[in-house]
Participant: 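Can you keep this structure in mind? I'll have questions shortly.
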Amino acid sequence: MKADEFDKNFDEGSDIQNVLDLSKAKRSMQDQKRVNVDFPAWMIESLDKEASRVGVTRQSIIKIWLAERLEELAANKALQRTNG
């Protein structure tokens with residue numbers, strides 16, 4: 001299938017999954033890399049309480065909070081660039 005035909009089918013809402021090879025599909029910037037971080041005991045206790053409250057693991061709450069903070073920083077930086 002040519003690209004223009006693929007684009008047309010996609011734009012029209014046609015099912016295009018049958019023409020895609022998803023076996024090697026990857027999400028960009030999603031490669032995992034392991035890091036070790038030491039936290040004080042009080043922080044671990046607070047993380048565990050919040051993770052339990054939300055219903056996720058300690059690792060997940062750390063990832064969620066870090067992602068939120070990094071997105072916030074990126075948004076602020078973009079805003080500063082536009083406001084010069």
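FYI, side chains are in, hydrogens and waters are out, and symmetry mates aren't considered; it's all heavy atoms of this structure.
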Participant: Linking I/L/V/M/F/W/Y whenever their side-chain heavy atoms sit closer than 4.5 Å, directly or via other members, would Leu70 and Val37 fall into one cluster?
Facilitator: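 No, Leu70 does not connect to Val37 through the hydrophobic network.
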Participant: Once you round to the nearest 0.5 Å, how far does CD1 of Ile44 lie from CD1 of Ile62?
Facilitator: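 With rounding to 0.5 Å, CD1 (Ile44) is 6.0 Å from CD1 (Ile62).
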Participant: Should we say atom CZ of Phe39 is surrounded by more than 12 heavy atoms from elsewhere, each under 6.0 Å from it?
Facilitator: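 More than 12 within 6.0 Å, yes.
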Participant: Would you say the side chain of Glu50 lies within less than 4.5 Å of the side chain of Val54, judging by non-hydrogen atoms?
Facilitator: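 Yes, side chains in contact.
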Participant: Looking at side-chain heavy atoms only, is the closest gap between Leu20 and Phe6 below 4.5 Å?
Facilitator: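 Answer yes - side chains close enough.
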Participant: Would one find more than 12 heavy atoms of other residues, nucleotides or ligands at under 6.0 Å from atom CG of Asp21?
Facilitator: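 Count over threshold, so yes.
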Participant: Listing request: all side chain to side chain donor-acceptor pair (under 3.5 Å) pairs with a residue in residues 61-71, at least two apart in sequence or in separate chains.
Facilitator: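 Residue pairs with at least one partner in residues 61-71: Arg69-Glu72.
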Participant: Could you see if Leu66 belongs to whatever hydrophobic cluster contains Leu47? Use Ile, Leu, Val, Met, Phe, Trp, Tyr and a side-chain cutoff under 4.5 Å.
Facilitator: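 Yes; tracing contacts between hydrophobic side chains, which count when under 4.5 Å, links both residues.
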Participant: How many angstroms lie between CD1 in Ile61 and OG in Ser52, if you round to the nearest 0.5 Å?
Facilitator: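 OG of Ser52 is found 10.5 Å from CD1 of Ile61.
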Participant: Under the rule for side chain to side chain contact (heavy atoms under 4.5 Å, CB included), what residues qualify as partners of Asn9, not counting sequence neighbours?
Facilitator: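 For Asn9 the side chain to side chain contact (heavy atoms under 4.5 Å, CB included) partners, ignoring immediate neighbours, are Met1, Glu5, Glu12, Ser14, Ile16.
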Participant: Can you hop from Val56 to Met43 via hydrophobic side chains spaced under 4.5 Å?
Facilitator: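 Both belong to a single hydrophobic cluster.
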